**Q** 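Can you keep this structure in mind? I'll have questions shortly.
This is a predicted model, so every value here is computed, not measured. Start at 1 and go down the list; that is how both ligands and their atoms are numbered.
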Amino acid sequence: MADPIIDLSNISVTFKQGKQVVHAVKDVTIEINKGDIYGIVGYSGAGKSTLVRTINLLQAPSEGTVTIDGTTFFKDHRQQISNKELQEKRRNIGMIFQHFNLLNETSVIENVLFALKHSKLDDDAQEKKALELLDLVGLKDKAEFYPVQLSGGEQQRVSIARALANDPEILISDEATSALDPQNTNQILDLLKDLNKKLDLTIILITHEMDAVKRVANKIAVMEYGQIIERGPLQKVFLQPQQELTRQFVGGSLAAIDTLKAFDLEHLADDQELLQLVYDAGNVTKSIIIELYKELQVEVSMLYGNVEVLAGSPVGTLFVVIKGAPDKRQQAIDFLRNNNVTVTKIDDRRIWNE
Ligand SMILES: Nc1ncnc2c1ncn2[C@@H]1O[C@H](COP(=O)(O)OP(=O)(O)OP(=O)(O)O)[C@@H](O)[C@H]1O
Ligand SMILES: [Mg+2]
């Protein structure tokens, strides 16, 4: 197999502030292949931004090595590489952020041209390139507009055009859709997916929104307290989440949470239990829910159900309340698990009661 385009090996990042020491990233090893859209999810403070900042050496690692396209960087690297060299390397990596970071005093096209000021192209060629980039993100007719005259989604498109100005192989998106409404979020995500295909662009998508990852990523890593606690192909992580936090993220789709809020889940009877079921919807051979009642006399009420296509494969999610004696309920859960359904008992309903 080809070498990964990004290879982070045993990365730690420690910040010292006076007497306080913050271990923002702890011994993270991750490989990202060319053409991946790699989602990194985790709650605030998990270390996501710090980790990706090591990729373009905006943040030097305290330990470990960063290998990009075969070139290795490490903690003392800054002493060995000239600023010029570093700048050149960084041009291979575009970044977009939550707050667009556009120059508000200049037009859209000037924002893109600004990123081309080190390029070897002459002025005409730069202008042509900037217009091509704006065309690529669907904004050619707004080249002379100013950022304040654009919607949030359009401003993010400008920042994407700017990030792509030097033909990077890698794009890092750090919460780039967090300030956008759902419709603009989906449009930007679809644009990223499109660019990934058209340009063979490798994308790292940092987000706390699982829906974003589900829409476009092919792989996912979950971060907590500076570590990657789970990772893998999107569908696998969804079908077989190993960690509690991952299960929370998997079940935490906005649609599911909105629906579950409508039920009085605080007051389930003693013989009732709320379960999240996740299964490979391309491989359903019998109606498992009907079997539960037939075989075990466990009643199942469905609260929420959905099938989504994740990285090309259908994955089903159900939230159900089962009702029956404790031993029957346990048998039902075993039965489901034997039928390759991932069952999570939802004891902590905070995610949708907040
Ligand atoms: N320059 C810094 N100096 C000191 N501490 C820092 C610095 N940058 C980050 N940290 C700390 O490192 C930890 C991880 O921060 P980081 O910004 O990487 O998290 P994150 O997962 O990106 O969070 P968010 O989702 O809020 O963006 C936090 O505890 C943060 O306070
Ligand atoms: Mg961050």
Side-chain angles (χ1 to χ4, degrees), residues 6 8-30 32 37-66 68 73-78 86 90 93-102 152 155-156 159-160 163 170-180 182 185 188-189 192 203-217 219-231 237 243-250 252-254 257 350-351 354:
I6 301 168
L8 304 182
S9 179
N10 303 103
I11 296 288
S12 294
V13 179
T14 305
F15 296 109
K16 292 200 183 76
Q17 275 186 328
K19 283 190 185 141
Q20 239 195 331
V21 179
V22 180
H23 297 282
V25 177
K26 293 182 227 165
D27 198 19
V28 167
T29 293
I30 187 169
I32 296 174
I37 302 184
Y38 210 123
I40 299 181
V41 300
Y43 289 126
S44 188
K48 307 178 296 293
S49 296
T50 306
L51 178 68
V52 298
R53 283 165 58 84
T54 66
I55 292 174
N56 53 7
L57 285 204
L58 286 172
Q59 173 64 57
S62 312
E63 297 296 334
T65 58
V66 176
I68 308 295
F73 307 91
F74 45 90
K75 72 173 172 181
D76 298 326
H77 193 88
R78 289 293 280 111
L86 191 61
R90 278 186 188 148
I93 303 172
M95 277 193 94
I96 56 175
F97 305 94
Q98 183 173 357
H99 299 297
F100 324 133
N101 302 358
L102 298 176
Q155 292 189 44
Q156 193 58 287
S159 87
I160 292 170
I170 299 164
L171 179 71
I172 297 174
S173 166
D174 193 348
E175 300 283 5
T177 57
S178 300
L180 302 177
T185 293
I188 291 293
L189 291 169
L192 293 180
I203 298 178
I204 302 171
L205 187 76
I206 299 178
T207 178
H208 57 268
E209 294 161 345
M210 209 57 202
D211 289 315
V213 174
K214 281 200 281 195
R215 196 173 179 96
V216 294
K219 290 188 191 142
I220 172 175
V222 181
M223 277 192 88
E224 187 177 34
Y225 305 126
Q227 291 176 308
I228 291 182
I229 59 165
E230 187 155 1
R231 73 183 78 202
V237 171
Q243 304 290 331
E244 181 54 36
L245 178 65
T246 313
R247 284 192 275 269
Q248 276 185 31
F249 271 111
V250 168
S253 98
L254 296 176
I257 291 171
R350 271 178 311 185
I351 38 174
E354 269 168 5

**Q** Please list, in number order, the atoms of ligand 1 under 4.0 Å from a heavy atom of Val22.
**A** 11 (C), 12 (O), 29 (O)

**Q** Looking only at distances, please establish whether an N/O atom of ligand 1 is found under 3.5 Å from an N/O atom of Phe15.
**A** no

**Q** Is there a donor-acceptor pair under 3.5 Å between the side chain of Thr50 and the backbone N or O of Ala24?
**A** no

**Q** Return the closest protein heavy atom for atom 27 (O) of ligand 1 as residue, atom name and distance.
**A** Ser49 OG, 3.9 Å

**Q** Can you name the closest pair of heavy atoms from Ile40 and Lys48 and give their distance?
**A** O-CD, 3.9 Å

**Q** Would a distance-only check, ignoring hydrogens and angles, find a side-chain to backbone donor-acceptor pair under 3.5 Å from Thr29 to Asn10?
**A** yes

**Q** If the cut-off is 4.0 Å to any non-hydrogen atom of Gly47, which atoms of ligand 1 fall inside it?
**A** 14 (C), 16 (P), 18 (O), 19 (O), 20 (P), 21 (O)

**Q** Could you tell me whether the side chain of Ser9 and the main chain of Gly64 form a donor-acceptor pair under 3.5 Å?
**A** no

**Q** Mind checking how many protein N/O/S atoms fall short of 2.8 Å from the Mg ion (ligand 2)?
**A** 1

**Q** May I have the list of side-chain donor-acceptor pairs in residues 219-228 shorter than 3.5 Å, sequence neighbours left out?
**A**
from: Lys219; atom 1: NZ; to: Asp36; atom 2: OD1; distance (Å): 3.3
from: Lys219; atom 1: NZ; to: Asp36; atom 2: OD2; distance (Å): 3.0

**Q** Please state which protein non-hydrogen atom is closest to atom 26 (O) of ligand 1 and give its distance, to 0.1 Å?
**A** Ser44 OG, 2.5 Å

**Q** What protein heavy atom sits nearest atom 16 (P) of ligand 1, and how far away is it?
**A** Thr50 OG1, 3.5 Å

**Q** How about Ile170 and Asn56: do any of their side-chain heavy atoms sit closer than 4.5 Å?
**A** no

**Q** Atom 21 (O) of ligand 1: which of Arg53, Lys16, Gln20, Lys48 has the nearest heavy atom?
**A** Lys48

**Q** Taking Glu230 for its side chain and Gln243 for its backbone only, find out whether a donor-acceptor pair lies under 3.5 Å.
**A** yes

**Q** Protein heavy atoms: any of them under 4.0 Å from atom 30 (C) of ligand 1?
**A** no

**Q** To the nearest 0.1 Å, how far is atom 12 (O) of ligand 1 from its closest protein heavy atom, and which atom is that?
**A** Ala24 CB, 3.2 Å

**Q** Provide the number and element of each atom of ligand 1 under 4.0 Å from a heavy atom of Gly45.
**A** 13 (C), 14 (C), 19 (O), 20 (P), 21 (O), 23 (O), 24 (P), 26 (O)

**Q** So, Gln156 side chain and Ala176 main chain: donor-acceptor pair closer than 3.5 Å or not?
**A** yes

**Q** Taking C-beta and beyond as the side chain, do Asp211 and Thr185 meet within less than 4.5 Å on heavy atoms?
**A** no

**Q** To the nearest 0.5 Å, what is the distance between CD1 on Ile32 and CD1 on Ile37?
**A** 12.0 Å

**Q** Any side-chain heavy atom of Val66 sitting closer than 4.5 Å to one from Pro61?
**A** yes

